[in-house]
Novice: 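I have a structure I would like to understand better, so I am pasting it below and will then ask my questions one at a time.
Letters go in sequence order (proteins before strands), and every chain restarts at 1.
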Amino acid sequence: MHVIEVEGLSKTFRVKRKEKGMKGSIQAIFKPRTEEIRAVKEVSFTVDEGEMLAFIGPNGAGKSTTIKMLTGILYPDGGNVKVLGIDPTKKRKQLACQIGTVFGQKEQLWTHLTPYDNFRFFGAIYDIPDGEIDRRIKELSEAFELSGFINTPVRNLSLGQRIRCEIAASLIHRPKVLFLDEPTIGLDPVVKENIRSLIRQMNREFHTTIFLTSHDIGDIEKLCRRVIIVNSGQIVLDDSMEHLKFSDASLENIIMKIYQEKGEEARVL
Amino acid sequence: MRKYAVIYRSVLMENLQYAANIALGFVSYFIFIFVFINLWGYMYAEPGTRIGGYTKEQMIWYAMITEMIWFGARSGTVAGQASSDIRGGNIAYLMNKPYHYTLYILTRYTGEWSIRLPMYMVLAVAVGITMVGQLPGFGLPALFASAVSILLGITINGVFKLCISLMSFWIEDSTPFQWLYDKLILILGTVFPIEIFPKALQPLIRLTPIYTVCYGPAKLVVDFHGDQYLEILMAQLLYLAVGCGLMFFVYGKGVKKLYVNGG
């Protein structure tokens, strides 16, 4: 069963352009110039239930824009999206109850509250009954080993502890699909490994579909069974990890080569 | 509603840690009021004088109530935070939850003033009673009517400030518009009652948010009349309905133009 269906998805941004120097700044007031950037160009793919998919590409390839359209944050200019059978642009709030998101570079936790209060807060906004919230907090606290700092204000936690809490908070409502946008960014190797094993555990126990973007080869190699590579807004490769690894070269070299070769092709197209 | 109640409770928990910081603002409030007491003391040097129909006590209490609303409703959430959420793209992560972003911001704002306003209210009453004296004719009906009116006025203020912040979907920076709105309220709304202004200007001022945010609630405290209460209440409800309609409309249009770059 497909939990994500994307067909011909496109997004264009209009970005301001300014000539250099003071002259350019003055010109920009009277004669503002803009340029169209096609961030995503007719992308199509599907993701099955329980799948762990790496959606990767170089910076500016259109990964995060795609995630934001899949979660209803951005409105596509063209194409169709269905996540769990819901159109994110039309029923964003309904979809929000069934998906979880972790953006590694953004905080969703309230920093002055403790993780426990944050979990209670997120549980309540997802309309989970109080007794059930407590049961889930206990379960997540054990799975993510949060008991040592669950009552410490988030602002006093280390980055690794905070990311563990961010992921736990995004799971409080048991989402069917979890979007992870660079969840291990800035973490040390030991914490990265902990986070990966938690993601694996979550997928195994709750059959959660994982949609992961990361620049970390370890995340991709150790977690995902399928890889989609995007470059210049287009899909340049959609293959199984097994197939990609069927080579003498390291996964990192293979991906680098695809970024460079296919990136040029995508730009020409 | 439960989710908004939880947001409200969380903001209270967060802001209670800053009660001491809020109390530091008392100094500015006290300076303002001290200046007004002396200014009006000079203007009302002749016993029995009325200016614009107000006695000296009424005039000082008017300024104390409007300043209390002004200081009590000060919020970085409806102005700065909402605007920077939109410009910086952080709104993307707040929208992605099962609540309405604008109601989320307004609930946070309500949580903030729920702590600030009672603190300023205690200060205003203490300063007023010790330095000016009790207001003649202020009883339970005036207390009830003005409490409702103050809460509505503060909510209207939040809705309009949020509408200004939502302009950030189209313009680079909404701060100058916030500044204009704040100055309009501060200069034309908090310092003098509408009756002090030239007769030709008064109907115009009554059409601005000043009437529903500052003037109306303070007028009910200093000079309560049932018929005037109904007039102010109707104006506030109308303003709130129009403001909320505008807020949902602007947000609905703006969110489709959202541009979130990077990351």
Novice: Does B:Trp170 have more than 12 heavy atoms from other residues, nucleotides or ligands lying within 6.0 Å of its CH2?
Specialist: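 Yes, CH2 of B:Trp170 has more than 12 neighbouring heavy atoms, counting only those of other groups under 6.0 Å.
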
Novice: Atom OH of residue position A:Tyr75 - does it have more than 12 heavy atoms of other residues, nucleotides or ligands inside 6.0 Å?
Specialist: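 For A:Tyr75, atom OH is crowded (more than 12 foreign heavy atoms under 6.0 Å).
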
Novice: Could you go through the side-chain contact (heavy atoms from CB on, under 4.5 Å) check for B:Met13 and A:His112 one step at a time?
Specialist: CA-CA 9 Å; B:Met13 281 159 61; A:His112 296 284; over 6 Å; no

Novice: So which part of B:Tyr101 gets closer than 4.5 Å to some heavy atom of chain A, the side chain, the backbone, both or neither?
Specialist: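 No part of B:Tyr101 comes within 4.5 Å of chain A.
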
Novice: A side-chain contact here means heavy atoms from C-beta on lying under 4.5 Å apart; do A:Asp130 and B:Arg2 qualify?
Specialist: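 Touching, per the 4.5 Å side-chain cut-off.
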
Novice: With a 4.5 angstrom heavy-atom cut-off, is it the side chain or the backbone of A:Phe121 that approaches chain B, or both, or neither?
Specialist: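 Both backbone and side chain.
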
Novice: CG/A:Asp127 to NZ/B:Lys3 distance, rounded to the nearest 0.5 angstrom?
Specialist: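 If I round to the nearest 0.5 Å, the distance is 4.0 Å.
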
Novice: Can you name the closest pair of heavy atoms from B:Lys97 and A:Ile125 and give their distance?
Specialist: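 The pair with the smallest heavy-atom distance is CD-CD1, 4.0 Å.
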
Novice: Heavy atoms only, distances under 4.5 angstrom: which of A:Gln94, A:His173, A:Gln108, A:Arg92 has the most pairs with chain B? Name it, please.
Specialist: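 So the answer, after comparing A:Gln94, A:His173, A:Gln108, A:Arg92, is A:Arg92.
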
Novice: Testing the basics here: between A:Ala96 and B:Pro98, what is the closest heavy-atom pair and its distance to 0.1 Å?
Specialist: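 The answer is CB-N, 4.0 Å.
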
Novice: Can a donor-acceptor pair be found between the side chains of A:Thr71 and B:Asn96 at a distance below 3.5 Å?
Specialist: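 The answer is no; no qualifying pair exists.
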
Novice: A quick test of your reading: do over 12 heavy atoms of other residues, nucleotides or ligands sit less than 6.0 Å from NZ of B:Lys183?
Specialist: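 Counting neighbours around NZ of B:Lys183, more than 12 heavy atoms of other residues, nucleotides or ligands fall under 6.0 Å, so yes.
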
Novice: Less than 4.0 Å between a side-chain N and a carboxylate O, is that true for B:Arg9 and A:Asp117?
Specialist: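 Looking at B:Arg9 together with A:Asp117, the answer is no, because their closest N to O distance does not fall below 4.0 Å.
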
Novice: Do other residues, nucleotides or ligands put more than 12 heavy atoms under 6.0 Å from the CD atom of A:Glu132?
Specialist: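 Yes, because the 6.0 Å sphere around CD of A:Glu132 holds more than 12 heavy atoms from other groups.
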
Novice: What part of A:Ile128 is in contact with chain B, defined as an atom under 4.5 angstrom from a non-hydrogen atom: side chain, backbone, both or neither?
Specialist: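 Only the backbone of A:Ile128 comes within 4.5 Å of chain B.
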
Novice: Is chain B contacted by the side chain of A:Asn59, its backbone, both, or neither, given a heavy-atom distance below 4.5 Å?
Specialist: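 A:Asn59 has no heavy atom closer than 4.5 Å to chain B.
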
Novice: Where does B:Leu94 contact chain A at under 4.5 Å (heavy atoms): side chain, backbone, both or neither?
Specialist: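 Neither the backbone nor the side chain of B:Leu94 comes within 4.5 Å of chain A.
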
Novice: Find the distance between NZ (B:Lys256) and OG1 (A:Thr89) and round it off to the nearest 0.5 Å.
Specialist: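 It comes to 9.0 Å.
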
Novice: Heavy-atom count around A:Phe206 CZ within 6.0 Å, excluding the residue itself: above 12?
Specialist: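 Check passes, neighbour count above 12.
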
